[in-house]
Protein chains: 2
Amino acid sequence: MASLDRTLIANLPLFSGLKPEELDALLSEAQSVRYPKGVTVFHQDAEARAFFVLLHGHLRVFKLTPDGQQVVVRFVVPGEVFGVAMAIGRTVYPGTAVAVADSIALQWPSAAWPRLAAAHPELANNTLQTVGARLQDMHTRVVEMATLEVERRIAHALLRLAQQAGRKVETGVTIDFPISRQDVAEMTGTTLHTVSRILSAWEARGLVESARQKITLRQPHQLMLLAEGTG
Amino acid sequence: MASLDRTLIANLPLFSGLKPEELDALLSEAQSVRYPKGVTVFHQDAEARAFFVLLHGHLRVFKLTPDGQQVVVRFVVPGEVFGVAMAIGRTVYPGTAVAVADSIALQWPSAAWPRLAAAHPELANNTLQTVGARLQDMHTRVVEMATLEVERRIAHALLRLAQQAGRKVETGVTIDFPISRQDVAEMTGTTLHTVSRILSAWEARGLVESARQKITLRQPHQLMLLAEGTG
DNA sequence: CGGTTGATTGACGGCGTTCAATCAGGGTGG
DNA sequence: CCACCCTGATTGAACGCCGTCAATCAACCG
């Protein structure tokens, strides 16, 4: 295995405040793993053997209900930590992570977490910030689901996706990984049918441009108005 | 001000792993405050001056939407930390906390958090566990809202309340603080009308016993079956 | 004892799910 | 390179859960 360059991780939030030597020490214990598109990184309820940092690609994290329905928890974008079950006191993963594009991640054994966190207090602190931010995200999601009708929820979801995984193109901003109607439905608590209908309507109005597993926002500002209820 | 006894906080999760001297040091900086029923502890979007531990009573934490709707985030029970905005990197409180019963809390200035967390690494770690647990809670709430019909969501909500704030009485388990239909509605993303109808139906079946701001579960097990979809 | 807050219940309607059928794209194997 | 097939998407029709509107009632407080 080629040795890992510290510049790979120097600017990631998880490692902010760490000295170069500390980065090197951490990297020396890390293992780099490729996850081709479609592959499962870890399974819900499986023993949490490792925690990860995504270097490249995109993951879809979801929960499976007893009756087989899926709910998308989030999409992991490059630079993010994921699978931090151990850090928050869990022994199993609370969800399943699947690569929706060819991906590369660094991983550390979960067992190493207590030692690493003790040796580098910034690590625990940065993780606390990250988990806190995710908690906020889930709060706003609950608020949206409790108060907004489906169309506005979908608008919010797409805008958020565009913000964290958007790529500018001539016609607007496109979501930079394959995403289906079903995915959007599982993010917003509705059905793919309703999502399809709404996207069709938006397409007719020129707000978005969509194809198989692909969504481009042509008029993000208009969508924002719609999301806010002003449109 | 009377000096605070370390046994007040020795067994709280936030302080687990700390030595007696450390507890005393922390207590010497703490301030004890009373919040009579109905009083607001802090306001959404206000500067996060302090973080807290609830010693006695119950708080209702909620978010207010732009159009004035409220969504209940959680109820704080004795022993819990709350208002930890600073620890998760926020400068303002993301929600409003109101005492639903006469309450007592310890508080520390937010500004002291970085120093305290550095001096007592367990503090950061324990907070990470707590915030992680809350994240899990919100995940399950999102899953429920996305997949379950209202009746089952309400069943889950009441069972959770009974678990964290239940008191055994002759006729079953009662929720140990004043809670209205409106509160339950704001927890489950529905309306007080629907909650009222469902509770009435349950009361007719002998599952619960309810009065003004009061709910008692007479057959928790039956309710569980209903929540699981088995009933 | 009046006023206010919380709860109950009925009627109605609509948003969104459910059921169903069809279509299109794109990868795979021959 | 074409034919096939499977997955994802579209769209119509009908139903039903639950939100909205509205009126009444009961409990608690000052």
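Note that the structure is a prediction, hence the values are computed from the model and not measured. Numbers restart at 1 for each chain; the letters A, B, ... are given by sequence-line order, proteins then strands.
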What residue pairs, at least two apart or across chains, pass side-chain hydrogen bond (donor to acceptor under 3.5 Å, both in side chains) with a residue in residues 162-172 of chain B? B:Arg167-B:Asp176
Taking CD from B:Glu186 and C1' from C:dA7, how many angstroms apart are they, rounded to a whole number? 15 Å
Nucleotide C:dC23, atom P - distance to CZ of A:Arg212 in whole Å: 16 Å
With the sugar-phosphate defined as primed atoms, P, OP1 and OP2, and the base as all remaining atoms, what B/S/- string results for nucleotides 10-17 of chain C, 5' to 3', for protein heavy atoms under 4.0 Å? BB----SB
Name each donor-acceptor pair under 3.5 Å that joins a side chain in residues 79-90 of chain B to protein atoms two or more places apart or in another chain, with its distance.
unit_1  : atom_1 : unit_2  : atom_2 : d
B:Glu80 : OE1    : B:Arg74 : NH1    : 2.9
B:Glu80 : OE1    : B:Val77 : N      : 3.4

Nucleotide interval of DNA chain D bounded by contacts with chain A (heavy-atom cut-off, under 4.0 Å): D:dT7 to D:dA13
Under 4.0 Å, counting only non-hydrogen atoms across every strand here, what does B:Ser196 touch: a base, just sugar-phosphate, or nothing? base
Assess whether side-chain hydrogen bond (donor to acceptor under 3.5 Å, both in side chains) is satisfied between A:Thr194 and A:Thr191, documenting all intermediate values. CA-CA 5 Å; A:Thr194 301; A:Thr191 63; 3.2 Å; yes
Using five pairs at either end of the helix from C:dC1-D:dG30 to C:dG30-D:dC1, determine the angle between the two local helix axes and round it to 10 degrees. 50°
So among A:Val173, A:Ile175, A:Thr174, A:Leu158, which one has a side-chain contact (heavy atoms from CB on, under 4.5 Å) with A:Thr216? A:Thr174
Which residues pass the ring pair (Phe, Tyr, Trp, His ring centres under 6.0 Å) test with A:Tyr35, not counting sequence neighbours? none
So, taking the atom named CD in B:Gln219 and the one named CG in B:Leu225, what distance separates them when rounded to the nearest 0.5 Å? 10.0 Å
Please, which pairs that meet ring-ring contact (aromatic ring centres under 6.0 Å, His included) have at least one residue in residues 145-180 of chain B, sequence neighbours excluded? B:His58-B:Phe177, B:Phe75-B:Phe177
Qualifying residues under side-chain hydrogen bond (donor to acceptor under 3.5 Å, both in side chains), relative to [X], sequence neighbours excluded:
| X | value |
| --- | --- |
| B:Thr147 | none |
| A:Asn11 | none |
| A:Ser180 | A:Asp183 |

Side-chain heavy atoms of A:Ile215 within contact of A:Val184, under 4.5 Å: yes
Apply the test side-chain hydrogen bond (donor to acceptor under 3.5 Å, both in side chains) to residues B:Arg60 and B:Gln70: give CA-CA distance (whole Å), side-chain angles for both, the deciding distance (0.1 Å), then the verdict. CA-CA 11 Å; B:Arg60 177 173 170 278; B:Gln70 296 189 3; 2.9 Å; yes
Pairs of donor and acceptor atoms involving the side chains of residues 43-52 of chain B, under 3.5 Å and at least two apart or interchain, shall be tabulated with distances.
unit_1  : atom_1 : unit_2  : atom_2 : d
B:Gln44 : OE1    : B:Leu64 : N      : 2.8
B:Gln44 : NE2    : B:Leu64 : O      : 3.4

Near-strand residues of residues 172-183 of chain A, defined as heavy-atom separation under 4.0 angstrom from DNA chain D: A:Ser180, A:Arg181
